[in-house]
Amino acid sequence: MFEHDDFKVIDETKQGQPTLIAPLEGATKKLYLESYGCQMNFSDSEIVASILKDNGYSTTKVIQEADVIFVNTCAIRDNAEQRVRGRLKEYKAVKKQNPDLVVGVLGCMAERLKSKLLEEEKLVDLVVGPDAYRDLPSLLESVENGQKAVNVLLSKEETYADITPVRLGGNGITAFISIMRGCDNMCAFCVVPFTRGRERSRDPETIVKEATELFEQGYREVTLLGQNVDSYLYAGGGLKKEIMTEEEKKGAVNFAQLLEKVALVSPLLRVRFSTSHPKDMTDEVLHIMAKYDNICKYIHLPVQSGNSRMLERMNRGYSREWYQDRISAIRRIIPNCGISTDIIAGFCSETDEEHKDTLTLMEWVGYDFAYMFKYSERPKTLAERKFTDDVPEEVKSARLAEIVQLQQGLSFESNKKDVGKIFEVLVENTSKRSKDQLSGRTSQNKVVVFPKKEFKAGDYVLVKILDCTAATLLGEAINE
Ligand code: SAM
Ligand code: SF4
């Protein structure tokens with residue numbers, strides 16, 4: 001359950017898994033599509049699948065059957081890239097059997113390395129950045145005509161607002177909706193602004209339409225995705241930093257307003273969002289969350305470090321005290337809110353004392369869950385240019401281990417407090433361990449497993465919690 005120094009940013013079992021589009025009549029070619037990294041990347045793969053489906057492709061889980069292999073990559077930490085390089089080596093054997101096979105690298109690693117990837121990885125035919133997926137059909141044509149193809153242009157406008165994503169490998173109950181792209185924050189450690197470009201928000205009407213269609217298809221939960229959702233601002237399209245005039249700002253839709261619009265689609269549609277940024281999270285958003293029962297009472301609020309000097313070096317735009325004030329606001333306005341975080345161990349020049357500040361802050365908040373990482377220096381970032389990556393590897397590992405151990409205890413404590421309580425659980429699927437058990441989540445995003453009886457995926461079930469582990473609540477339905 002706990003994330004260490006790699007890229008288990010979402011369900012580890014899904015990392016790299018090939019995904020399927022329903023077979024299309026008349027489809028002539030087969031695509032094998034693998035995705036790595038964050039939810040945003042998985043959401044992008046659904047856009048890629050949609051574009052290729054419209055161009056006569058079906059998908060396969062059998063790599064040997066593929067005409068095209070796409071790997072949608074992550075560049076957030078070095079080991080994320082090494083894992084993809086490992087996969088590319090494995091594709092080589094397949095290409096030997098099928099010399100006409102086209103191999104394409106998409107996403108953040110494609111954007112970071114650009115045409116260098118073609119030189120470094122000889123078997124790659126196609127390199128496409130996150131803003132250029134509409135160009136995939138014509139790039140594939142170029143490759144068929146014997147050329148290598150690259151499009152890594154970042155866009156000021158692109159939000160793929162009009163493309164209906166093909167829902168890949170999901171449970172039919174929960175779906176992601178991308179509400180914005182890029183990031184303007186320039187945290188010192190982070191490669192995202194370089195790989196995903198400047199921040200732009202998607203037309204709220206297209207977001208509400210997508211949520212409505214999902215609800216009509218039987219989905220019961222949407223997660224609104226962005227690198228910094230609190231910064232969402234739609235004033236007719238284009239870059240956020242170009243929304244200048246008072247008039248434009250007055251007429252713009254902010255995140256609290258968007259959240260309310262999506263919540264109003266149906267009281268039976270749960271709404272989640274990720275990721276919130278401590279410097280931008282407003283009380284207005286918290287009040288909207290408190291007002292609507294169907295907005296899940298859960299906030300992922302990455303802290304990165306509990307020490308103010310580190311936070312300043314990281315260019316996060318807040319101090320320990322500011323962060324604590326935001327947590328207090330959550331507790332005051334939404335008393336039953338689940339809170340999780342991201343933490344980086346061993347950022348440049350971090351001392352033992354500063355590391356301890358992270359531990360004390362974790363205890364002060366009492367996080368329900370955390371994603372925890374060792375600092376990994378990334379080319380071009382502010383930290384790479386200005387600071388030295390001087391915390392020895394073994395010290396980083398020891399600090400990470402301490403953080404992970406503390407969080408394990410905090411998660412267990414948090415779960416123990418829920419034993420004896422009753423929660424409304426949205427059932428997502430059958431439990432992985434037993435077909436007689438169902439698995440779903442509480443509003444606070446905790447996983448609950450309970451005996452199936454007559455219930456099925458998509459049902460809201462009242463469950464009394466009888467026991468727990470650090471990762472899961474175990475209960476029994478009390479619905480009639
Ligand atoms: N936009 C989100 C935010 O600001 O919190 C998260 C973006 S990133 C995809 C997810 C997490 O990866 C970050 O919160 C951070 O903890 C971690 N991360 C980013 N760059 C890193 C690096 N160079 N080394 C280690 N962890 C990193
Ligand atoms: Fe990276 Fe910071 Fe933007 Fe998050 S907010 S994507 S950590 S630059």
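Whatever order the structure lists them in is the order used to number ligands and atoms, beginning at 1. All heavy atoms count here, side chains included; hydrogens, waters and symmetry mates do not. The model shown is predicted, which means the values in this text are computed figures rather than measured ones.
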- With rounding to the nearest 0.5 Å, note down the distance linking CZ in F423 to CG in N336. 8.5 Å
- Message: To the nearest 0.5 Å, what is the distance between CG on N445 and CG on D368?
- Response: 9.5 Å
- For ligand 1, indicate whether the residue P302 contacts it via side chain, backbone, both or neither (heavy-atom separation under 4.0 Å). side chain
- Taking non-hydrogen atoms only, is F373 closer than 4.0 angstrom to ligand 1 via side chain, backbone, both or neither? side chain
Would one find more than 12 heavy atoms of other residues, nucleotides or ligands at under 6.0 Å from atom [atom1] of [X]?
{"X": "Q405", "atom1": "CD", "result": "no"}
{"X": "K417", "atom1": "NZ", "result": "no"}
{"X": "K279", "atom1": "NZ", "result": "yes"}
{"X": "W364", "atom1": "CH2", "result": "yes"}

- Residue part near ligand 2, for M186, under 4.0 Å between non-hydrogen atoms: backbone
- Using heavy atoms and a threshold below 4.0 Å, how should the contact between N228 and ligand 2 be classified: side chain, backbone, both, or neither? neither
Checking [X] against [Y]: charged group under 6.0 Å from the ring centre and within 45 degrees of the axis?
{"X": "R77", "Y": "F373", "answer": "yes"}
{"X": "R313", "Y": "F387", "answer": "yes"}
{"X": "K53", "Y": "Y57", "answer": "no"}

- Query: Which ligand 1 atoms are under 4.0 Å away from a heavy-atom of R77?
  - Reply: 12 (O), 17 (C), 18 (N), 24 (N), 25 (C), 26 (N), 27 (C)
Heavy atom to [atom], shortest distance: which of [options] holds it?
{"atom": "atom 2 (C) of ligand 1", "options": "M40, M372, R196, Q227", "answer": "Q227"}
{"atom": "atom 10 (C) of ligand 1", "options": "D78, D342, I344, D389", "answer": "D342"}
{"atom": "atom 1 (Fe) of ligand 2", "options": "C190, C183, A188", "answer": "C190"}
{"atom": "atom 4 (O) of ligand 1", "options": "K396, R378, K374, R316", "answer": "R316"}

Contact (N/O only, under 3.5 Å) between [X] and ligand 1:
{"X": "S376", "answer": "yes"}
{"X": "N228", "answer": "no"}
{"X": "Q304", "answer": "yes"}

Mark up the atoms of ligand 2 that fall under 4.0 Å of a heavy atom belonging to [X], in ascending order.
{"X": "R316", "value": "2 (Fe), 7 (S)"}
{"X": "H277", "value": "5 (S)"}
{"X": "P193", "value": "8 (S)"}

- Task: Could you go through the side-chain contact (heavy atoms from CB on, under 4.5 Å) check for L269 and E221 one step at a time?
- Result: CA-CA 5 Å; L269 182 71; E221 183 182 295; 5.6 Å; no
- Item | Contact flag C187/atom 2 (Fe) of ligand 2, N/O/S atoms, threshold under 2.8 Å | yes
- among protein heavy atoms, the one nearest atom 5 (S) of ligand 2 is N185 ND2, 3.3 Å
- What residue and heavy atom of the protein are closest to atom 6 (S) of ligand 2, and at what distance? Q227 OE1, 3.5 Å
- With respect to E428, which candidate in R220, R441, R270 satisfies the salt bridge (Lys or Arg N to Asp or Glu O under 4.0 Å) definition? R441
